[in-house]
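We're numbering straight along the sequence, starting at 1.
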Amino acid sequence: MALGVLIGTWLIAAGPASAQVQPTTTVTSGSVISTTLSVGSKPLDGVDLVVRKDGKEIGRASSDAAGLVEVTVPGGTQYEVTLDPSTIPKGVSFVSGARTVLKPFVQASGRAPLVFQLTGKGVTEKDAISRFDRLANLFASGLRFGLVIALASVGLSILFGTTGLTNFAHGELVTFGAVATWYFNDPGSVGLPLIVAALCGVVAAGCFGATLELGLFRPLRRRGMPDVAAMVVSIGLAFVLRYALAIVFGANPKQYAQFAAQSPTIHLGPVDLRPKDLVVVGVSLAMLVVVGLFLQRSRLGTAIRAVSDNRDLAESSGIDVQRVILTVWVLSGALAGLGGTLIGLTDTVSWNMGQRILLVMFAAVVLGGLGTAFGAMAGGLLVGLVSDLSTYWLDSDLRIVVALAALIIVLLVRPTGIFGTTARRA
């Protein structure tokens with residue numbers, strides 16, 4: 001039903017475009033490559049950051065008074081990033097042995113923070129890099145990423161707890177929410193303000209989750225399909241939805257009409273953030289608190305936790321299990337859609353953005369403890385922080401590998417996860 005609404009919106013948007021030619025307002029730029037240039041505690045102003053692909057210059061920008069420079073590029077590929085030697089101040093050079101050309105792989109829904117090791121007259125190599133500032137900015141970036149992953153992972157975790165389903169199509173719920181919000185916000189489609197469009201996108205994603213439950217997974221459960229077989233069905237469903245969204249939305253990443261670019265940077269001590277980064281952190285944190293209170297204080301939330309703990313016992317106690325599962329699907333879709341919208345706000349909207357973070361969401365769920373909402377929250381935060389902080393020592397394209405390594409280490413110490421129990425429902 002919700003997918004039909006999205007396709008209908010696309011057809012309505014495509015109709016006038018074919019009848020009369022109008023200039024498009026779609027921004028097809030992608031993710032952001034950023035760095036803060038400084039020598040010791042002194043920021044470098046006016047140094048050009050150059051991004052190339054296959055020897056061809058893709059983008060260029062100059063550092064501001066705080067040394068911050070950002071270049072927006074199409075995501076999903078690898079670039080060569082350098083500093084223009086003619087713009088580097090006299091007396092400033094690279095630390096001995098440091099790389100002068102960085103080759104990050106930029107995710108379609110990611111942000112690539114880079115570090116150039118510079119030194120200058122009167123500054124030792126040990127002091128050339130403000131380690132505290134770099135770690136503080138990486139911590140802030142990891143916190144933002146972790147909160148969004150936690151928000152999108154909660155539904156995946158409680159869905160497993162209540163139904164036993166490992167939903168590989170959860171990433172497509174993330175994508176659906178972001179794409180629906182884009183269509184509601186795009187001036188060539190509906191043209192709603194971003195806040196209203198986001199609410200509509202979240203509602204559409206929740207309806208989409210209910211449609212999947214009522215139209216597919218509930219009939220399969222009534223026929224006695226095992227959980228493993230249902231998991232395989234979700235894998236096939238993920239492929240179908242992913243390429244359906246690619247056909248409807250297109251292959252190029254897009255940005256929302258509002259807040260696509262924000263040059264003013266908010267300085268919070270050593271941390272530099274864009275205003276929309278603060279919005280993402282605030283909304284994610286607020287929604288996680290609301291979900292936690294809902295599960296702990298409300299009657300329906302108590303029923304969800306009861307079904308997750310023991311479905312048979314909950315049903316014998318008079319709880320309408322099917323109603324609870326439908327509610328969980330709606331909640332799962334809505335939270336995933338909100339997470340996708342927030343990712344699209346900070347980066348870009350693309351047809352495969354959910355697939356790119358699916359492994360991270362599974363890592364957060366397993367790390368926190370299968371079937372527990374609060375475990376998914378904690379796991380998402382830990383995955384986000386570890387992956388971004390690791391770029392202080394390692395290349396940014398290894399951040400997901402580090403997150404998975406952290407997952408393995410935690411599971412070796414606590415096999416059930418942070419909040420997992422030793423006995424789960426079969």
Checklist line | Residues Val190, Tyr183; criterion side-chain contact (heavy atoms from CB on, under 4.5 Å); working and verdict | finding: CA-CA 7 Å; Val190 181; Tyr183 272 109; 5.8 Å; no
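- Here the CG-CZ distance, from Leu407 to Phe362, works out to 12.5 Å after rounding to the nearest 0.5 Å.
- The shortest distance between side-chain heavy atoms of Thr181 and Leu194 falls below 4.5 Å.
- Atoms CG and CG, on Leu143 and Leu138 in that order, are 12.5 Å from each other to the nearest 0.5 Å.
- With hydrogens and angles ignored, the 3.5 Å screen pairs no side-chain donor or acceptor of Ser298 with any backbone N or O of Leu295.
- Separating the CG atom in Leu156 from the OG1 atom in Thr166 is a distance of 8.0 Å, to the nearest 0.5 Å.
- Contact record, Ala180 with Ala204: CB-CB, 4.3 Å, taken as the closest heavy-atom pair.
- Residues Pro74 and Ile58 approach most closely at CD-CG2, 4.3 Å, considering heavy atoms.
- Looking only at side-chain heavy atoms (C-beta outward), Ser93 and Thr119 come within less than 4.5 Å of each other.
- Partners of Arg99 by salt bridge (Lys or Arg N to Asp or Glu O under 4.0 Å), not counting sequence neighbours, listed by chain and number: Asp395.
- Asp45 pairs by the salt bridge (Lys or Arg N to Asp or Glu O under 4.0 Å) definition with nothing, not counting sequence neighbours.
- Take Val289 and apply the side chain to side chain contact (heavy atoms under 4.5 Å, CB included) test, not counting sequence neighbours, and it matches Leu293.
- Between Met225 atom CE and Leu165 atom CG the span is 11.0 Å, to the nearest 0.5 Å.
- A donor-acceptor pair is defined here as one N or O able to donate and one able to accept, closer than 3.5 Å; no such pair exists between the side chain of Ser63 and the backbone of Leu68.
- Taking the six-membered ring where tryptophan is involved, the planes of Trp329 and Phe217 are essentially parallel, since the angle between them stays under 30° and well short of 60°.
- A 4.5 Å side-chain heavy-atom check between Thr175 and Asn352 finds every atom pair outside the cut-off.
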Next item on the list: For side-chain contact (heavy atoms from CB on, under 4.5 Å), just list the numbers for Phe208 and Leu241, CA-CA rounded to whole Å, side-chain angles, deciding distance to a tenth of an Å, and then say yes or no.
Entry: CA-CA 11 Å; Phe208 191 27; Leu241 294 177; 3.6 Å; yes
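- At distances below 3.5 Å, at least one donor-acceptor pair connects side-chain atoms of Thr35 with backbone N or O atoms of Leu114.
- Scored by the salt bridge (Lys or Arg N to Asp or Glu O under 4.0 Å) test, Arg242 finds Glu172 as partners (sequence neighbours excluded).
- Side-chain atoms of Val248 and Val179, non-hydrogen and from C-beta on, never get closer than 4.5 Å to each other.
- Checked by atom type and distance alone, the side chain of Ser308 never pairs as donor or acceptor with a backbone atom of Arg305 at under 3.5 Å.
- Using a cut-off of 4.0 Å between Lys/Arg side-chain N and Asp/Glu carboxylate O, Lys254 and Asp186 are scored as not salt-bridged.
- Counting all heavy atoms, side chain and backbone alike, Thr391 lies closest to Pro113 at OG1-CG, 4.4 Å.
- With Ser141 contributing its side chain and Asn137 its backbone, the two residues share no donor-acceptor pair below 3.5 Å.
- Below 30°, between 30° and 60°, or above 60°: for Trp182 and Phe249 the angle between ring planes is above 60°, a perpendicular geometry.
- With hydrogens and angles ignored, the 3.5 Å screen pairs a side-chain donor or acceptor of His170 with a backbone N or O of Ala152.
- A donor-acceptor distance shorter than 3.5 angstrom exists from the side chain of Thr346 to the backbone of Ile343, with no hydrogens or angles considered.
- Without hydrogens or angle criteria, Ser234 side chain to Phe168 main chain gives a donor-acceptor distance under 3.5 Å.
- Taken to the nearest 0.5 Å, the CG atom of Asp64 stands 8.5 Å off from the CD atom of Glu70.
- Between the CD1 atom in Ile304 and the CZ atom in Phe294 there is a gap of 4.0 Å [rounded to 0.5 Å].
- Considering Leu381, Val154, Leu335 in turn, Val154 is the only one that fulfils the side-chain contact (heavy atoms from CB on, under 4.5 Å) rule with Leu288.
- Looking at Ser62 and Thr87, their side chains never come closer than 4.5 Å, going by heavy atoms from C-beta outward.
- The two residues Asp227 and Thr163 make their nearest non-hydrogen contact at OD1-O, 3.6 Å.
- Side-chain contact between Phe184 and Val196: absent, with no pair of heavy atoms (C-beta onward) separated by less than 4.5 Å.
- Asp54 contributes no side-chain N or O that, together with a main-chain N or O of Lys56, makes up a donor-acceptor pair within less than 3.5 Å.
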Notebook entry, point to check: What do the steps show when you test Val271 against Phe139 for side-chain contact (heavy atoms from CB on, under 4.5 Å), and what is the final call?
Noted result: CA-CA 9 Å; Val271 178; Phe139 181 87; over 6 Å; no
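- Taking all atoms of both residues into account, the shortest heavy-atom contact from Glu80 to Lys103 is OE2-CE, 4.0 Å.
- Nearest heavy atoms, Ala178 versus Met353: CB-SD, 3.6 Å.
- Partners of Leu359 according to the side chain to side chain contact (heavy atoms under 4.5 Å, CB included) rule, which considers only residues two or more places apart in sequence or in another chain, are Leu404.
- Residues Leu345 and Val280 are in side-chain contact: their nearest non-hydrogen atoms beyond the backbone lie under 4.5 Å apart.
- For Val71, the side chain to side chain contact (heavy atoms under 4.5 Å, CB included) test picks out Leu49, Val51, Ala61, Val73, with sequence neighbours left out.
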Checklist line | Check against side-chain contact (heavy atoms from CB on, under 4.5 Å), Asn167 and Leu212 | finding: CA-CA 11 Å; Asn167 183 22; Leu212 294 179; 5.7 Å; no
